[in-house]
Amino acid sequence: MNTLPNPFRIAGVVEPPWFTDRADEVRRIRKTLARPPAKLLVYGERRMGKTSALHVARGQVERGGGAVVFADLSTASSPTDMANRLLGGASRALGRNWTDFVGDLAARLQVRLELTPDPVTGLAVPTVAASLRSRPEADQFESFVRVLDVLEGMAAARDARLGVILDEFQEIHRFGGEAAEWRLRGSVQTHQHLGYVLAGSDASLIRQMLGPGRAFYELFEPMHLGPIDPEHLTRWMDERMREHGAPCPGMGERSLAVAGERTRDVVRLARASFEEARGGCGDAEALVRDALARVVAEEDDRMRAVWYGLTGLQQNVLRAVAWNRAGLTAAETIERFGLGYGGTARNSAHALIKQGLLRKVESTVGYAFDSPFARAWVVGKALPDVGVLVAIDHL
Ligand SMILES: Nc1ncnc2c1ncn2[C@@H]1O[C@H](COP(=O)(O)OP(=O)(O)O)[C@@H](O)[C@H]1O
Ligand SMILES: [Mg+2]
């Protein structure tokens, strides 16, 4: 039995040797961070590897002596939360090296800051007073932009250069719409000491935000982060398996075919495949099927919670899309899954897109699952309800 550590990681962000490829993307991000007032906007689907690429580039800049403020805006529920994320990232990057960082920050910001010791680093992390949350969103957003202005002022006073990363920045639009975009542009375009990298996942929203007549048009250089070259990824997976004592020719190719093109999905299936291969590889296709069953089992609690929250019609739409044979309006689909005529199934599909379960694609069915594992769960657990039996890795 092979007891070597699993060569694939999916928890959190990954760095080499768990991170592969993306040399051009990482170089462009690194250069932008290190060369203010450069500005780059990275966009691509979720789970493609944006955040990981940002972290790898940040690490390179920091090892070269530079400073990078990293703010993850993905969980923010208000512009105040975004300001706090930025303050946290700033204190991590600058708290130790800039004398009287917090005092200077508080004096320049002119808002009351609360200090909370970080249980891990022991550093005092500044946050804006909680009372700000009850103010109108535009006022709160003003504080967020103020923090950026203050960082620019502090960097200028020290003749320093700073990289600033705003991950999942499209939240800005969610809270403040186009007015917030213009407000942010107004400040950012004057910052000479900050190199900005914005990253976001909602590709269609971001394409709009970059369009003519919009605030970010021609201010940011756009960079699309698509799938890793499939040949490279296949080779990398097979090599990692071999180096870790579990050679399994064909595993990489099959994992990619089953998991689709999002890096995280592919690596997650490869991770499960390595576990399956500890006792030997055998037939790669059967191995990856077992690995898929393993991931589906891990997802069972989460998928059940999602499933129980859906209407019967939505569940049937998911079954029809998982079945993947004919469109939602085809007579065969309507009959088999009880979808009814008219636009009702399509309305359900749109609700499921909003929830992030489905996405629109160019195919006869017109929709696909966002996650290959959610699809496999529906195929394995919910298609039998309607008498359809299909192997979970049937594409
Ligand atoms: N270049 C890469 N090499 C290997 N694995 C990667 C790479 N990029 C992403 N991953 C895998 O995908 C996971 C999620 O990637 P992440 O950077 O969070 O994606 P995104 O920010 O686009 O949603 C990582 O934890 C890792 O398992
Ligand atoms: Mg991310």
Side-chain angles (χ1 to χ4, degrees), residues 5-30 33 40-60 68 70-76 82 85 89 164-174 197-207 222-241 243-244 251-253 255-256 258-275 291 294-295 298-299 356-357 359 369-374:
N6 195 307
F8 304 106
R9 279 203 186 168
I10 51 161
V13 288
V14 293
E15 298 241 359
W18 295 279
F19 180 90
T20 183
D21 200 45
R22 304 293 195 201
D24 293 343
E25 289 92 342
V26 169
R27 190 181 323 111
R28 278 181 75 184
I29 297 167
R30 186 183 66 223
L33 294 171
L40 184 67
L41 198 156
V42 183
Y43 68 100
E45 304 280 357
R46 287 186 291 155
R47 309 195 301 280
M48 215 46 116
K50 296 177 298 298
T51 303
S52 302
L54 296 173
H55 275 277
V56 169
R58 169 175 76 167
Q60 291 179 1
V68 178
F70 195 115
D72 171 7
L73 307 181
S74 64
T75 55
M82 296 185 349
R85 283 293 181 176
V164 175
I165 296 174
L166 304 180
D167 197 6
E168 301 298 352
F169 82 99
Q170 74 278 359
E171 296 306 303
I172 287 167
H173 180 91
R174 191 153 67 86
V197 177
L198 272 49
S201 293
D202 189 335
S204 69
L205 174 62
I206 292 165
R207 275 198 204 94
M223 180 173 88
H224 182 246
L225 197 129
I228 292 179
D229 170 44
E231 262 176 50
H232 172 95
L233 195 54
T234 303
R235 211 177 325 116
W236 179 73
M237 287 189 283
D238 288 341
E239 263 168 38
R240 298 284 289 164
M241 293 289 280
E243 287 164 7
H244 286 72
M251 183 290 272
E253 196 181 339
S255 290
L256 202 61
V258 171
E261 53 181 21
R262 312 257 191 115
T263 316
R264 184 176 198 275
D265 297 340
V266 181
V267 173
R268 184 165 183 198
L269 193 53
R271 183 177 167 80
S273 297
F274 179 84
E275 291 305 322
R294 186 185 271 260
V295 176
E298 286 166 9
E299 286 290 287
L357 279 166
R359 61 200 163 84
F369 276 78
D370 180 72
S371 158
F373 308 123

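Just so you know, ligand 1 is whichever comes first in the structure, and atom 1 is the first atom listed for that ligand.
For atom 23 (O) of ligand 1, the closest non-hydrogen atom of the protein is Arg47 N, 2.8 Å. Among all protein heavy atoms, the one lying closest to atom 10 (N) of ligand 1 is Thr263 CG2, 3.6 Å. Looking at atom 8 (N) of ligand 1, its nearest protein heavy atom turns out to be Gly49 CA, 3.5 Å.
Residue Glu231 qualifies as open at atom CD: its count of foreign heavy atoms under 6.0 Å is 12 or below. At most 12 non-hydrogen atoms from other residues, nucleotides or ligands lie less than 6.0 angstrom from CD of Glu253.
Near Arg22, meaning under 4.0 Å from one of its heavy atoms, ligand 1 places the atoms 1 (N). Close contacts of ligand 1 with Arg9, meaning ligand atoms under 4.0 Å from a residue heavy atom, involve 26 (C), 27 (O). Every atom of ligand 1 with a heavy atom of Thr51 under 4.0 Å away is listed here by number and element: 17 (O), 18 (O), 20 (P), 21 (O). Close contacts between ligand 1 and Trp18 involve ligand atoms 3 (N), 4 (C), 5 (N) [criterion: under 4.0 Å to a heavy atom]. The Ser52 neighbourhood of ligand 1 comprises atoms 9 (C), 15 (O), 16 (P), 17 (O), 24 (C), with distances under 4.0 Å to a heavy atom of that residue.
A 4.5 Å side-chain heavy-atom check between Arg174 and Glu171 finds at least one atom pair inside the cut-off. Taking 4.5 Å as the limit, some side-chain heavy atom of Glu275 sits within range of a side-chain heavy atom of Asn6. You'll find the side chain of Leu41 stays beyond 4.5 Å of the side chain of Met223, heavy atoms only. Contact of the Arg85 side chain with the Thr75 side chain is registered, since non-hydrogen atoms from C-beta on lie closer than 4.5 Å.
Ligand 1 has no nitrogen or oxygen under 3.5 angstrom from a nitrogen or oxygen of Arg46. Considering both main-chain and side-chain atoms, Gly12 comes within under 3.5 Å of ligand 1 through a nitrogen or oxygen pair. In terms of N/O distances under 3.5 Å, ligand 1 is approached by Lys50. Between Thr20 and ligand 1, at least one pair of N/O atoms sits closer than 3.5 Å. Polar contact with ligand 1: absent for Val13 (N/O pair, distance under 3.5 Å).
For Trp236 and Phe8, the ring centers are positioned less than 6.0 Å apart.
Of the heavy atoms in Ile10, both backbone and side-chain atoms come closer than 4.0 Å to ligand 1. With a heavy-atom cut-off of 4.0 Å, Val267 touches ligand 1 through its side chain alone.
Aromatic ring orientation, Tyr43 versus His224: tilted (interplanar angle from 30° to 60°).
Geometric assessment of Arg268 against the ring of Phe373 yields a positive cation-pi assignment under the 6.0 Å and 45° thresholds.
At least one heavy atom of Ile228 sits less than 4.0 Å from an atom of ligand 1.
Because the distance cut-off is set at 2.8 Å, Thr51 qualifies as a neighbour of the Mg ion (ligand 2) through one of its N, O or S atoms.
Nearest to atom 13 (C) of ligand 1 by heavy-atom distance, out of Arg264, Glu45, Arg268, is Arg264.
Side chain of Arg30 to main chain of Ala57: no donor-acceptor pair is present (N/O by atom type, distance under 3.5 Å, no hydrogens or angles).
A donor atom on one side chain and an acceptor atom on the other are found under 3.5 Å apart for Glu168 and Ser201.
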